[in-house]
Amino acid sequence: MLISFPFKFIYIKTNKTASTSIEMALQPFCQEDASTPIEEKLHTIVSDVGIVGQRLVPKSEANELDRYWYNHMPASELKSKVGEHVWDSFTKIHAIRNPFDKVLSSFF
């Protein structure tokens with residue numbers, strides 16, 4: 001999950017929709033230094049610019065922030081954490097995959 005305060009968007013990560021790739025592409029808009037290298041495995045980053053939820057961090061390595069802001073967080077939980085004002089005023093983004101492709105991917 002990502003939140004960008006300057007660009008006013010929330011990215012909600014969904015399963016099996018190339019969501020990690022999309023999240024990594026949008027991450028520079030959610031952190032103070034856009035030139036920071038983007039890595040697949042990442043602990044949560046919280047700044048004045050935004051929030052980047054943890055990605056692929058094993059539970060044994062997760063810290064308190066990683067457990068609070070995590071990938072694949074349900075929209076209902078995200079809404080309760082950011083509050084009504086932010087939720088209602090920010091654009092929500094997520095990926096949708098063709099249902100047939102998703103079934104095929106799961107099958108193979």
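Heavy atoms only: backbone and side chains are in, while hydrogens, waters and symmetry mates are out.
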Under 3.5 Å, is there a donor-acceptor pair between the Q27 and E23 side chains?
no
Closest heavy-atom contact between I12 and A75?
CD1-CB, 4.1 Å
Do any N or O atoms from the side chain of E39 and from the backbone of L42 form a donor-acceptor pair under 3.5 angstrom?
no
For the CD1 atom of I93 and the CZ atom of F9, what is their distance to the nearest 0.5 Å?
5.0 Å
Is there a continuous path of hydrophobic side-chain contacts, each under 4.5 Å between heavy atoms, that joins L2 to F5?
no
Are V49 and P6 side-chain neighbours, meaning at least one heavy-atom pair lies under 4.5 Å?
yes
For R55 against N71, the heavy-atom pair lying closest together:
CA-ND2, 4.1 Å
Are K13 and M73 side-chain neighbours, meaning at least one heavy-atom pair lies under 4.5 Å?
no
Output the distance between atom CG (L56) and atom CD (Q54), rounded to the nearest 0.5 Å.
7.5 Å
Distance in Å, I51 CD1 paired with Y68 OH, rounded so as to fall on 0.5 Å steps
8.5 Å
May I ask you to establish whether K92 and W87 are in a cation-pi arrangement, using a distance under 6.0 Å from NZ or CZ to the six-membered ring centre and at most 45° from the ring axis?
yes
Measuring from atom CD1 of I10 to atom CE of M1, what distance do you get when rounded to the nearest 0.5 angstrom?
7.5 Å
Do K41 and P58 come within less than 4.5 Å of each other through their side chains, counting heavy atoms only?
yes
Please report whether the ring centroid of F7 lies less than 6.0 Å from that of F29.
yes
Atom of S47, atom of Q31 and distance for their closest heavy-atom approach
OG-CA, 4.4 Å
I'd like to check M24 versus S21 (side-chain heavy atoms, cut-off strictly below 4.5 Å). Are they in contact?
no
If only atom types and distance count, is the side chain of K8 paired as donor or acceptor with the main-chain N or O of I3 below 3.5 Å?
no
So with a 6.0 Å cut-off around CG of D48, is the heavy-atom count from everything else above 12?
no
Could you tell me the separation between the CG atom of L78 and the OH atom of Y11, rounded to the nearest 0.5 Å?
12.5 Å
Which heavy atom of S19 sits nearest to which heavy atom of T14, and what is that distance?
OG-O, 2.7 Å
Are the side chains of I22 and H94 in touch, meaning some heavy atoms are under 4.5 Å apart?
no
Taking T44 for its side chain and G53 for its backbone only, find out whether a donor-acceptor pair lies under 3.5 Å.
no
